[in-house]
Each structure stands twice: as structure tokens, then as C-alpha cells.
Number of protein chains: 2
Amino acid sequence: MKYTLKPNGELSAQIALAIQDAIVAGTLLVDERLPSESELGERFGVSRSTVREALKRLAAKNLIRTQRGASGGAFINRISFEDAYPQQITTSTLLLSMNDVSFETACEARYAAERACIPLAAQRCQPDHLAAMRAEIHRQKQSGLSDESFCASDVAFHRALVDGAGNAVLAYQLVSAIESMQPLMNMITFSERDRTTIIQFHSDIADAIETHDATRAEAALAALANYTATLADQFRAKREKLRQSAKAVD
Amino acid sequence: MKYTLKPNGELSAQIALAIQDAIVAGTLLVDERLPSESELGERFGVSRSTVREALKRLAAKNLIRTQRGASGGAFINRISFEDAYPQQITTSTLLLSMNDVSFETACEARYAAERACIPLAAQRCQPDHLAAMRAEIHRQKQSGLSDESFCASDVAFHRALVDGAGNAVLAYQLVSAIESMQPLMNMITFSERDRTTIIQFHSDIADAIETHDATRAEAALAALANYTATLADQFRAKREKLRQSAKAVD
DNA sequence: ACATTCCAATTGTCAGACATTTAAAACATT
DNA sequence: AATGTTTTAAATGTCTGACAATTGGAATGT
């Protein structure tokens with residue numbers, strides 16, 4: 001099954017790909033045990049170190065787990081949503097920071113994604129998700145909250161909204177859009193007035209969800225998106241001004 | 001910088017995590033060169049093999065690339081959307097197949113995601129994306145097309161729609177929702193009548209997008225979603241019936 | 001100035017050893 | 001017979017040292 005390697009670059013990469021393909025194709029099933037490292041080495045005609053590098057590649061992607069000792073070995077992992085989240089969020093965050101994506105683009109993606117959840121959330125929102133949203137709103141009202149904490153709470157609020165849609169697949173796809181925005185949001189300093197306005201929108205959304213009013217929730221979300229864009233504009237203007245004065249001194 | 005390891009499991013995993021953290025934190029910049037494997041080994045107090053396993057973990061996640069030869073080494077990768085897509089799609093596909101997600105849930109996520117793109121696509125859809133959509137519609141009309149090819153074209157159509165929203169971040173988040181559905185869609189056999197109906201919805205969507213009519217596009221998409229759900233129901237009923245008769249024979 | 005050769009650095013691969021972990025088998029005790 | 005202890009074997013984790021392959025730059029020759 002795993003004998004044909006596509007000649008392409010390093011052996012460890014080829015072997016990792018061959019095994020990955022077998023997993024995706026369903027040839028290797030969840031919790032199935034791979035042959036031992038030595039045996040894989042024999043089958044592929046490579047040394048144990050090369051096999052190990054291949055297995056580490058797969059482990060990095062959560063495709064396998066390894067166990068030591070007798071009856072240990074490498075086992076095909078059942079990838080859970082919980083396992084996949086961190087990886088997904090890390091990648092999204094790096095995509096944003098490394099490709100100088102504009103704040104507007106990221107923001108637009110975030111609110112478009114959330115908008116998709118609103119009808120579902122309004123329809124099925126459970127008490128616990130609603131409670132989570134209310135709790136974050138309460139936290140956001142606390143004075144003396146750092147910008148970072150405020151943003152973190154903001155993320156948590158929106159994540160609760162997405163979870164409220166009651167669709168694990170949708171949540172998985174969208175949470176990274178929200179989480180990966182946090183570094184960008186953290187750059188903005190929120191005045192007391194900004195926070196009050198944002199909290200008001202959050203309350204509106206929560207209220208609308210509670211009364212299963214999707215239309216109103218969408219409107220509130222749109223208003224929040226709009227307001228966030230305004231804040232981003234202000235921030236950019238401020239930064240530009242700073243840059244100008246720095247230039248003047250220079 | 002990379003000296004403090006969180007004691008947790010294998011050394012190669014700890015080292016990989018330490019470097020990953022440095023990348024995410026921005027301590028290591030794009031295209032920056034890591035120390036050589038031997039030097040990293042000295043710094044972390046481990047052997048070269050262990051360092052290599054750590055680097056392979058990072059390479060599997062596209063975080064670094066390696067180059068041989070003088071002035072070679074491991075370099076921090078600028079993760080592009082193109083690089084991130086396949087990884088993301090693979091993970092999504094495995095999540096669906098390994099967690100017995102229902103067709104309904106996956107479908108719901110898919111159409112919710114697409115719905116989020118409609119307003120943006122209607123607003124800014126470019127001729128090339130529209131042409132891509134039309135081309136797929138044309139392909140879908142060909143007789144003698146296998147179910148797999150029809151589904152592939154369906155995926156391509158919807159992907160063009162998402163791309164038409166003109167937001168790379170949004171596209172990245174949502175394409176996997178669409179692509180990972182393909183294995184599930186492939187299980188359904190489409191009759192000639194089914195295809196005609198689906199193609200009609202596709203045409204409706206394309207027309208609406210072309211005339212910047214978001215409301216109509218959303219309606220057409222909703223109708224398509226509804227129809228797909230019906231087909232899935234039929235499929236499930238048919239399979240159930242087969243199972244019953246198999247039981248009777250048994 | 002340009003082409004060629006050589007060299008040194010670096011990753012890729014291999015082989016073999018030992019350390020560590022773990023479950024199961026073998027053994028001893030009650 | 002049941003239970004607790006020791007031994008053992010298998011497997012991964014790590015280390016060491018070696019060599020192959022690649023590659024950019026330095027040295028050399030024309």
C-alpha cells in the first residue's frame with residue numbers, strides 16, 4: 001500500500017505524504033496502528049531516522065499520535081474540532097500578519113462570517129450561549145480593563161455568538177476569522193466612549209438573539225461593523241499624524 | 001531567545017513550539033535564517049537529530065523552508081494563502097469524515113458561509129469570476145458527465161462565487177467549507193432532472209450577481225440549499241431502504 | 001574580465017548504540 | 001487460586017558519528 005513514493009524532494013516528506021494520502025483515502029482507519037519505525041524503514045527502504053522525520057511531520061499535523069513502550073507505536077488520530085482549532089487559528093493569524101492584509105479586509109471577513117451565523121443563532125440560541133454573551137458584556141463594562149482584556153472579551157463574545165449557531169462545522173470555519181483579528185484589534189486604543197458604544201451594540205445583538213429576531217440582530221451587527229471601521233479609520237489617521245510629526249523632527 | 005523550553009513531552013516538540021512561538025510573536029521575521037542545525041543543537045542542549053525532528057515539524061506546517069548547501073539553512077516562510085489552502089482543506093475533509101458529521105450540518109455550514117459572500121460578490125463581482133461561474137454552468141450542462149465531475153464543477157462554481165466576494169481572508173476561511181463537502185456530495189447520484197434544477201439555480205445566482213442584486217442572489221442560494229437538503233433526504237431514504245432489504249435477506 | 005576548479009558550510013541520509021517507557025509474561029507469595 | 005512483584009521484550013526517544021549531496025563563494029587559471 002505505501003510502497004510507491006512520488007519522487008519529489010526529501011524522502012521524509014514523500015513518506016509523510018504517502019501515509020497522509022492513505023489516511024485521507026480511508027485506507028488507514030482511525031486508531032489503526034502503523035508498523036513500527038524499524039519496519040516502516042524496511043518497507044520504504046530508508047533508515048529509521050528518515051522514518052522518524054516523516055512521522056514527526058504527521059504528528060505536527062495531528063494526523064498521528066505516538067506511544068512508547070511495548071504495544072506502543074504510531075496510531076492514526078481521530079482529529080477533533082478541539083485539536084484543529086489552535087492550528088487553524090495560528091495559521092490564520094500568521095496569514096494576516098505576514099501578508100499585510102488591511103484591517104478593512106480582515107474586518108469585512110469577520111463580520112461577513114458572523115452575519116452568516118446570525119439567522120441560525122437567532123433560531124436556536126441556547127441559554128448557555130446567551131449567558132456567555134451576557135457575561136462578556138458584563139465584563140466589558142468593568143472599568144480599569146486593559147485594551148487587551150477588552151479585546152479578548154470582545155473575541156469571547158463573538159465566539160459565543162458563533163457557537164450559538166449550533167453548528168460545529170460552521171464554528172470551526174469561522175472562529176479563526178474572529179480569533180485571528182485579535183492582534184489587529186489590540187493595536188487600537190479604546191476610549192471610554194468607544195467601549196460604551198460597542199457594549200451597546202453587543203447588548204442589542206444579545207437582546208435580538210434572545211427574542212429570535214434575526215433581522216434586528218443583523219442590523220445591530222452591521223452597525224457594529226460600521227462603527228469598528230470608523231474606529232479603524234481614526235486609528236489610521238492618528239498613526240499617520242504621528243508619522244508626519246516624526247518625519248518633521250527628522 | 002529560544003532557550004526556555006516548557007517541559008512537556010518530547011524535546012523535539014518543545015523545541016518546535018518554542019520556535020513557532022517566536023515566529024507568531026514576531027521575534028523571528030519572514031525570510032530570517034535560523035541558526036544551523038548543529039548550532040541549534042548546542043543552544044538547546046540536544047543532538048542534531050532532535051533538532052531535525054523539530055524542524056521537520058515546523059516544515060510540515062509550512063512555517064519554515066530549508067535549503068541545502070553553503071549559506072543554506074532553515075528560513076522563516078511567508079505563509080501565503082495558496083500554501084495554506086491545501087492544508088486547511090485536508091483538515092476540514094478529515095474532520096468531516098472522522099467525526100461523522102451529518103450531511104445536514106455540513107450542508108448548512110456551507111450555505112451559511114456562502115450566504116455571507118453574496119452581498120460582497122454582488123457588489124464587486126469581476127468579469128473573470130462571473131465568466132468562471134458561467135463556464136462551470138456550461139460544463140454542468142454537458143451530458144455524459146459523471147457524478148464526480150458534476151460535483152467537482154459544482155464546487156468550482158461555488159468557489160468562484162466566494163472568490164467573487166473579493167476578500168482573500170474570507171475566501172480562505174470559506175473555501176474549505178465548500179471543498180470538504182465534495183466527498184459527501186459525491187455519494188449522491190444526480191438524476192438528469194436533479195441536475196437541470198441545480199443548474200437553473202446556478203444560473204439564477206449568476207444572473208443576480210451580474211445585476212448586483214444581492215437579495216435575489218440570496219433567495220436563489222436559499223432555494224438551492226433547500227433543494228440540496230431534499231436530495232440528501234431522498235438519498236438517505238433510498239439507502240435506508242437498501243439496508244432494510246439487505247436485512248430481510250440476511 | 002571571465003571561466004573553471006576547489007572548498008567549506010549546510011542539509012539529507014544512514015548505521016548503531018543507549019535510555020526510557022510500557023504492557024505483558026513469568027515468577028513468587030500468601 | 002488470587003495477588004503482588006520481578007523480569008522481559010518491544011517500542012519510541014535521544015545521542016553520536018559518519019558520509020552523501022548540494023550550493024554559494026573563494027581561489028585559481030586563462
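Naming convention: chains lettered A, B, ... in sequence-line order (proteins, then strands); numbering from 1 in each chain.
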**Asked** From D/dT14, C/dT13, C/dT11, pick the nucleotide closest to the side chain of B/Glu10?
**Response** D/dT14
**Request:** Look at the side chain of B/Arg48 and the base of C/dG12, then say whether one donor and one acceptor between them are separated by less than 3.5 Å.
**Result:** yes
**Request:** Kindly say if A/Ser38 contacts the phosphate of D/dA11, meaning a side-chain N or O under 4.0 Å from OP1 or OP2.
**Result:** no
**Request:** Considering just the side-chain nitrogens and oxygens of A/Arg52, establish if one lies under 4.0 Å of OP1 or OP2 belonging to D/dG13.
**Result:** yes
**Message:** What is the separation between atom CG on B/Leu55 and atom P on C/dG12, rounded to the nearest whole Å?
**Reply:** 9 Å
**Request:** Compare the minimum distances between each of D/dT14, C/dG12, D/dT12 and the side chain of A/Glu37, then state the nucleotide with the smallest one.
**Result:** D/dT12
**Asked** Among B/Ile89, B/Thr93, B/Leu95, which residue meets the side chain to side chain contact (heavy atoms under 4.5 Å, CB included) test with B/Thr91?
**Response** B/Leu95
**Asked** So what does B/Ser49 hit on the nucleic acid, given a heavy-atom distance under 4.0 Å: a base, only sugar-phosphate, or nothing?
**Response** base
**Asked** Atom CD1 of A/Ile15 to atom P of C/dT13: distance rounded to whole Å?
**Response** 8 Å
**Request:** Give the rounded distance in Å between these two atoms: CZ of B/Phe75 and P of D/dT23.
**Result:** 12 Å
**Asked** For A/Leu11 and A/Arg68, take the nucleotide of DNA chain C holding the closest heavy atom to each; which residue's nucleotide lies nearer the 5' end?
**Response** A/Leu11
**Item:** Polar contact flag, side-chain donor to acceptor under 3.5 angstrom, A/Lys61-A/Gln20
**Value:** yes
**Message:** Between A/Lys56 and D/dT12, is there a contact of a side-chain N or O with OP1 or OP2 at under 4.0 Å?
**Reply:** no
**Message:** A/Asp154 and salt bridge (charged side-chain N to carboxylate O under 4.0 Å, His left out): which single residue from A/Arg110, A/Arg159, A/Arg139 fits?
**Reply:** A/Arg110
**Prompt:** Is the shortest side-chain N/O distance from A/Ser71 to OP1 or OP2 of D/dA11 below 4.0 Å?
**Reply:** no
**Atom-pair distance (CD on A/Glu42; C1' on C/dC14), nearest Å** = 14 Å
**Fill in**
In whole angstroms, the gap separating P of D/dT12 from CG of A/Leu34 amounts to 9 Å
**Message:** Can you confirm whether B/Leu63 sits close enough to B/Asn77 that some side-chain heavy atom of one is under 4.5 Å from a side-chain heavy atom of the other?
**Reply:** no
**Asked** Quick one: which of C/dC14, C/dT20, D/dA9 gets closest to the side chain of A/Ala70?
**Response** D/dA9
**Fill in**
Closest non-hydrogen atoms of B/Asn62 and B/Asp83, given as atom of the first, atom of the second and distance, are ND2-O, 3.7 Å
**Prompt:** Taking the side chain of B/Ser47 as its heavy atoms from C-beta onward, which of D/dT12, C/dT13, D/dT16 lies nearest to it?
**Reply:** D/dT16
**Complete:** Between CG of B/Leu40 and P of C/dG12 the distance, given in whole Å, is 13 Å
**Prompt:** Would you say C/dG12 has OP1 or OP2 under 4.0 Å from some side-chain N or O of A/Ser12?
**Reply:** no
**Fill in**
When rounded to whole Å, the CD to P distance for the pair A/Gln67 and D/dA11 reads 13 Å
**Asked** Which part of the nucleic acid, if any, lies within contact of A/Arg33, taking any heavy atom under 4.0 Å across all strands shown: a base, the sugar-phosphate backbone alone, or nothing?
**Response** sugar-phosphate
